[in-house]
Amino acid sequence: MKTLEFSNGDKMHAIGLGTWKSTGSKVKKAVKDAIHAGYRHIDTAAAYGNEEEIGEALSEIFDEGEIFREDIFITSKLWNDSHAEGQVRPALEESLKKLKLDYLDLFLIHWPVAFRHGVEFPKKPEDYLTPEEAPIIETWKQMEKAKKDGLARHIGVSNFSDIKLKDLIAQATIKPEMNQVELHPLLQQDDLLKYCKSENIHITAYSPLGSGDRSDAMKGKDEPNLLEIKTIKEIARKHNASAGQILISWHAHRGNAAIPKSTSKEHIEENFKAASIELEDSDMKAIAKLDEHYRFITGNFFEEPSKGYEDIYDENS
Ligand code: NDP
């Protein structure tokens with residue numbers, strides 16, 4: 001398995017298990033199936049509402065006595081309602097309690113948007129805190145403290161543009177070590193990747209398979225199906241692999257991590273085996289041509305210009 005290495009030598013598997021929309025007994029089984037299949041990297045978030053079940057799965061795995069806490073890389077994320085002063089540590093402690101862990105391997109600011117405490121999903125402008133009320137640098141300082149206190153081995157961000165990262169880095173003491181963003185052949189984000197590389201910020205690709213089962217409210221009408229792209233299918237045929245495996249393997253070949261979500265044992269195993277695919281230069285060149293700057297997760301559900309949140313990915317700047 002390819003790994004991403006942090007400056008202190010810690011390593012993270014390039015293929016992890018995503019868990020958004022995985023809940024209850026399904027996510028618990030998925031995590032256990034994944035670890036038994038060889039996964040050592042699990043991605044969750046306070047907002048996914050599944051940390052407790054993931055915690056149960058992990059404890060049961062550790063109780064089996066063959067895999068230990070230090071073997072598994074666990075990422076969780078700070079929800080947007082816990083950015084304000086004094087709120088990061090309690091939120092992190094709550095995640096740790098649910099996960100039954102005493103540290104996270106990676107803790108991320110989920111989105112560059114702040115809500116009032118207790119707001120899960122904003123419905124009106126008053127649900128937001130403005131960037132002046134909850135400056136991202138103040139949230140970041142609390143993330144830095146969590147790292148210094150040993151509650152998170154590594155800290156980073158998610159859904160940050162290069163503009164937002166530059167801003168943060170200019171004021172930060174510890175640089176973000178990770179940016180988790182949407183990435184797949186239709187959204188290749190070369191400039192963001194180049195910038196992150198120049199700052200030694202790792203990249204994790206979310207929605208690598210096109211984010212299958214979102215609620216209708218979050219879906220575009222005629223969304224493309226990544227698994228049906230002709231070029232991807234042709235490359236898959238050549239490597240005797242599935243289209244999903246090619247989509248996953250592509251990230252490792254670009255030096256990034258990917259966290260495909262699945263609750264199906266078959267898919268979980270299939271996705272992990274993508275690690276052994278060796279894409280050729282010609283495959284990478286063919287995939288490079290597919291970029292359409294297409295987002296499945298538009299982020300516009302968090303845009304609220306009256307509160308200072310517009311153009312969340314800074315695409316029109
Ligand atoms: P993915 O792109 O991982 O797609 C998941 C869908 O693909 C599911 O419907 C799944 O179904 C299906 N699937 C999985 N494996 C295969 C396969 N081999 N062949 C065919 N279909 C397959 O979507 P996500 O949006 O969930 O992204 C992955 C993870 O990234 C999330 O779960 C989350 O951890 C993270 N994420 C982070 C975000 C952020 O803001 N930081 C935003 C979005 C995601 P099935 O379960 O039946 O296999």
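All ligand and atom numbering here is 1-based and tracks the order in the structure.
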So, does Q245 sit close enough to ligand 1 that a heavy atom of it is under 4.0 Å from the ligand?
no

At what distance, to the nearest 0.5 angstrom, does CE of M1 lie from NZ of K11?
14.0 Å

Would K273 and E269 pass as an ion pair if we require N to O under 4.0 Å?
no

Short version for S207: what comes under 4.0 Å of ligand 1, heavy atoms counted, is both

Of the listed options (T263, I259, V157), which comes nearest to atom 29 (C) of ligand 1 when hydrogens are ignored and any heavy atom counts?
I259

Checking contacts here: is it the side chain or the backbone of Y48 that comes within 4.0 Å of ligand 1, counting heavy atoms only? Could be both or neither.
side chain

Just checking, any donor-acceptor pair under 3.5 angstrom between side chains of Q245 and H239?
no

Atoms of ligand 1, numbered as shown, that sit under 4.0 Å from any heavy atom of W20:
25 (O), 31 (C), 32 (O), 33 (C), 34 (O), 43 (C), 44 (C)

Test item, G244 contacting ligand 1 (heavy atom, 4.0 angstrom)
no

Is the H202 ring parallel, tilted or perpendicular to the F6 ring (thresholds 30°, 60°)?
perpendicular

Applying a heavy-atom cut-off of 4.0 Å, say which part of K21 lies close to ligand 1: side chain, backbone, both or neither.
side chain

Is the backbone N or O of I312 less than 3.5 Å from a side-chain atom of E303, with the two atoms forming a donor-acceptor pair by type?
yes

I'd like to know if W111 contacts ligand 1, where contact means a heavy-atom distance under 4.0 Å to any ligand atom.
yes

Inspect the surroundings of CG in D191 and state if more than 12 heavy atoms from other residues, nucleotides or ligands are less than 6.0 Å away.
no

Between NE2 of H83 and CD1 of I109, what distance do you get to the nearest 0.5 Å?
5.5 Å

S22 contact mode with ligand 1 (heavy-atom cut-off under 4.0 Å)
neither

Contact region, K261 to ligand 1, non-hydrogen atoms below 4.0 Å, reads both

Quick one: which ligand 1 atoms are inside 4.0 Å of a heavy atom on S158?
39 (C), 40 (O), 41 (N)

Are the side chain of Y39 and the backbone N or O of V31 linked by a donor-acceptor pair below 3.5 Å?
no

Show me which atoms of ligand 1 lie under 4.0 Å from any heavy atom of G18.
29 (C), 32 (O), 34 (O)

Is K145 salt-bridged to D149, cutoff N-O under 4.0 Å?
yes

Distance filter under 4.0 Å to Q180 heavy atoms, resulting ligand 1 atoms
35 (C), 36 (N), 37 (C), 38 (C), 39 (C), 41 (N)

Per-atom filter on ligand 1: closer than 4.0 angstrom to a heavy atom of S262 are 14 (C), 45 (P), 46 (O), 48 (O)

Examine I297 against ligand 1 and note whether any of their N/O atoms are separated by less than 3.5 Å.
no

Atoms in ligand 1 with a heavy atom of P260 nearer than 4.0 Å
3 (O)

Have a look at ligand 1 and work out which part of T44, if any, has a heavy atom under 4.0 Å from it: side chain, backbone, both or neither.
neither

When the ring planes of Y48 and H110 are compared, do they come out parallel, tilted or perpendicular, using 30° and 60° as the limits?
perpendicular

Give a yes/no verdict on whether any heavy atom in G210 is under 4.0 Å from an atom of ligand 1.
yes

Rounded distance (nearest 0.5 Å) linking atom CG of L101 with atom CD1 of I54:
10.0 Å

I need the D283 CG to E234 CD distance, nearest 0.5 Å.
10.5 Å

Quick one: look at T19 and ligand 1, take heavy-atom pairs under 4.0 Å, and tell me if it's side chain, backbone, both or neither.
backbone

State which residue, out of I259, T19, L104, fulfils the side-chain contact (heavy atoms from CB on, under 4.5 Å) condition with T44.
T19

Any idea which part of V181 is under 4.0 Å from ligand 1, heavy-atom wise: side chain, backbone, both or neither?
neither

At a 4.0 Å threshold, what atoms of ligand 1 neighbour a non-hydrogen atom of L227?
20 (C), 21 (N)

Proximal atoms of ligand 1 relative to H110 (non-hydrogen, under 4.0 Å)
39 (C), 40 (O), 41 (N)

